[in-house]
Amino acid sequence: MRIDVVSLFPEEVDRCTAFGVTGRARERGLLQLHGWNPRDYADGNYRKTDDRTFGGGPGMVMLVEPLRRCLAAVREADPAPVHVVYLSPQGRRLDQKRVRELAAMPRLVLLCGRYEGVDERLVQAEVDEELSIGDYVLSGGELAAAIVVDTVARLQDGALNDAGSAEQDSFEDGLLDCPHYSHPVEHAYGVVPAVLRSGNHAAIARWRRQQALVRTWQRRPDLLEGRELSKADRKLLQEGLAALER
Ligand SMILES: Nc1nonc1C(=O)NCc1ccc(Cl)cc1
């Protein structure tokens, strides 16, 4: 998968995705990341990329023309069709379902804004999708872009070892993850649940599913709204909640 990042600070996304699973996916060529700076496509001695906003008020707006030229160069750089994503608080909220869809695309272009915004005419003419990582305001779109790169990189074939891909499948079905434990079995902070050391894989899978259901019910009931739980899941959840009462 190829991702092109358009940003006044392309190195920020490069550095945020150069480590761990994402860094390895890049080293293995599972993900190619290219940075582009609209300042390289701006005119004049100051290579102006922003200017005052019409209508008055504080702040500057990113100019349409340097971005247009930059995006033309990005499209030109590879024959694969692009899907242009603009990161902003006005976008649709990113979730794992959309991450999976983005991860299956051959190319993504991530447009990172700075200042108060991007000239709306550029957004209307060039952007396929506006995405938000949450209801708060960052100083620029770069950290949001890095999150998109991270989430799609780990879904590339070969990015996670087998165990990792199994682990992410459990989370993928829209529930919160179950608790995890490792050595030592006994510690001042508590003991590892016996079922996890029983070697009974069916019981372990059942316990993990029950924990995921109970946690989701307690912490993120919104994830269960409008979701038809199977009979088995409903039983697991009820049993798990009852156990908390005891
Ligand atoms: N929340 C978010 N989810 O995605 N992006 C954000 C965010 O705050 N971007 C900051 C931002 C975005 C565009 C411009 Cl022009 C300036 C600053």
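What you are looking at is a predicted structure, and each value in this text was computed from that prediction instead of being measured. Only this structure's heavy atoms are used, side chains among them; waters, hydrogens and symmetry mates stay out. All ligand and atom numbering here is 1-based and tracks the order in the structure.
- Look at Arg47 and Asp40 and you find a salt bridge, because one of the NZ, NE, NH1 or NH2 atoms lies within 4.0 Å of a carboxylate O, short of that distance.
- Under the rule for a side-chain contact (heavy atoms from CB on, under 4.5 Å), the partners of Arg68 that lie at least two apart in sequence or sit in another chain are Glu65, Leu122, Glu126.
- Sorted by first and then second residue, the ring pair (Phe, Tyr, Trp, His ring centres under 6.0 Å) pairs with a member in residues 69-126 form an empty list; sequence neighbours excluded.
- Taking a cutoff of 4.0 Å between a charged side-chain nitrogen and a carboxylate oxygen, Asp119 and Arg121 qualify as a salt bridge.
- Not counting sequence neighbours, the partners of His187 by the ring pair (Phe, Tyr, Trp, His ring centres under 6.0 Å) test are Tyr189.
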Could you go through ligand 1 and list every pair where one of its N or O atoms sits under 3.5 Å from a protein N or O, giving the atom names and the distance to one decimal?
from     : atom 1 : to     : atom 2 : distance (Å)
ligand 1 : 1 (N)  : Gly134 : O      : 3.0
ligand 1 : 1 (N)  : Tyr136 : O      : 2.8
ligand 1 : 3 (N)  : Ile133 : N      : 2.9
ligand 1 : 4 (O)  : Ser88  : N      : 3.4
ligand 1 : 5 (N)  : Ser88  : N      : 3.3
ligand 1 : 8 (O)  : Tyr136 : O      : 3.4
ligand 1 : 8 (O)  : Leu138 : N      : 2.8

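- Distance alone, capped at 3.5 Å, places no donor-acceptor pair between the Glu142 side chain and the Val13 backbone.
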